Amino acid sequence: MSPESWPEAPAWGLLYRVAGVAGILFVLFGIVALVLYALDPPPVSGGEATLRFIADHRASYIAQQLLWLVPSLFGLIVFVALLIALMPSGPSLTVLGFTVGAGSWTALLAVPVTSEGTLSLVYLSDRFAVETDAAVRASLVAAAEAFVAENNTVALAGALTPLGLLLISLPMTRGVLPRWIGWLGIVAGTLGLVSEVLRFAVPGLYAVYGPLLWAWFAAVGVALLRLPGEVRQPAAVRGTAAGRR
């Protein structure tokens, strides 16, 4: 199989379809999580206040944490598909982008905080609600304070996400996917790096970076879903479509 035909091989069709759905689910999960957060925002400080809030809003809080956490798996799947699709266009940048991006999604799955909370606090809240010993309750509050502090600290994994997005979008500007998606990723990745560094100094940047990140994932998802169908088109038709991108 030649390097030129490798990314468009029918054997990759299932991967592209799964990754396409994953990209769209990434956006849907994020939107639902944001809606729940707006309707029921947890405290941003205070261990005891956080534990009491979770006790009173347990279902909503758990749903929010899962909706923030699970998309990391979707992001990992999308980056695997992009590794295959973009390799011939720029192998060095594609591998670097995949390594950094996949590393960030893996780290976000491994780290128990989502920047908006953590499922670990649910266990502490349940214990706090039934505990009567003052010393034990104080230790639970102290543990909760540690998680709150971690949520309010800039994490390396958060900065790696836009960096991976930026790197893997560079070869996308000359690959099998629409080139404008690559340029969108470059803009989103650059802004994301600035947003992560200035996350607490200029939080408003996230209001722009977040929608751009979702727009990129949605566009990549749709493009990956269409890619197996484009493979079955005659070469002349694919060439004409590629020229219009």
Side-chain angles (χ1 to χ4, degrees), residues 1-9 12 15-24 26-27 30 71-108 154-199 205-206 208-228 230-231 238-245:
M1 185 180 297
S2 68
E4 290 77 12
S5 64
W6 177 51
E8 297 185 348
W12 299 116
L15 172 62
Y16 294 149
R17 292 188 184 92
V18 172
V21 173
I24 294 171
F26 182 97
V27 179
S72 296
L73 176 59
F74 300 149
L76 182 58
I77 295 172
V78 169
F79 269 67
V80 170
L82 291 178
L83 173 67
I84 302 300
L86 301 176
M87 182 69 78
S89 305
S92 296
L93 286 172
T94 298
V95 171
L96 284 173
F98 169 78
T99 302
V100 175
S104 72
W105 300 121
T106 303
L108 290 171
V154 176
L156 178 60
L160 290 178
T161 299
L163 178 58
L165 169 62
L166 172 61
L167 290 173
I168 209 163
S169 293
L170 291 172
M172 197 181 298
T173 59
R174 54 184 184 275
V176 295
L177 300 182
R179 289 161 175 73
W180 68 267
I181 303 179
W183 290 112
L184 175 62
I186 291 172
V187 173
T190 302
L191 181 60
L193 284 172
V194 177
S195 300
E196 288 292 343
V197 173
L198 302 177
R199 177 177 172 185
L205 288 175
Y206 240 87
V208 181
Y209 165 57
L212 283 179
L213 178 65
W214 286 346
W216 183 84
F217 265 100
V220 168
V222 172
L224 288 173
L225 284 173
R226 295 178 60 185
L227 190 55
E230 293 178 355
V231 172
R238 294 203 307 272
T240 302
R244 292 198 299 265
R245 290 172 175 173

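Note that the structure is predicted; figures quoted are calculated from it, not measured.
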4.5 Å side-chain heavy-atom contact, M87 and V95: yes
Between CZ on residue F26 and CD1 on residue I77, distance to nearest 0.5 Å: 12.0 Å
Flag side-chain contact, heavy atom, 4.5 Å: F98 against L82: no
G175 to S89 - nearest heavy-atom pair and separation: CA-OG, 3.0 Å
Candidate list L184, I24, I168, I181, test side-chain contact (heavy atoms from CB on, under 4.5 Å), partner V220, passing option: I181
Side-chain donor or acceptor of T94 paired with backbone N/O of L86 under 3.5 Å: yes
Nearest heavy atoms of A81 and A19, plus distance in Å: CB-CB, 3.3 Å
Within-4.5 Å side-chain heavy-atom neighbours: L227 and W12: no
Shortest non-hydrogen contact from A223 toward L177: CB-CD2, 4.0 Å
Minimum-distance pair of heavy atoms, taken over all atoms of F79 and A102: CD2-N, 4.3 Å
Atom pair CG/CG of L96 and L163 - distance to nearest 0.5 Å: 9.0 Å
pair V187-W183: side-chain heavy atoms closer than 4.5 Å: no
Non-neighbouring partners of L166 that pass side chain to side chain contact (heavy atoms under 4.5 Å, CB included), sequence neighbours left out: I186, T190, L193
Smallest separation among heavy atoms of L165 and G189, with atom names: CD2-N, 3.7 Å
Min side-chain heavy-atom separation W105-L73 under 4.5 Å: no
Closest heavy-atom pair and its distance - R17, L225: O-CD2, 3.4 Å
Side chains of S169 and W216 in contact at under 4.5 Å (non-hydrogen atoms): yes
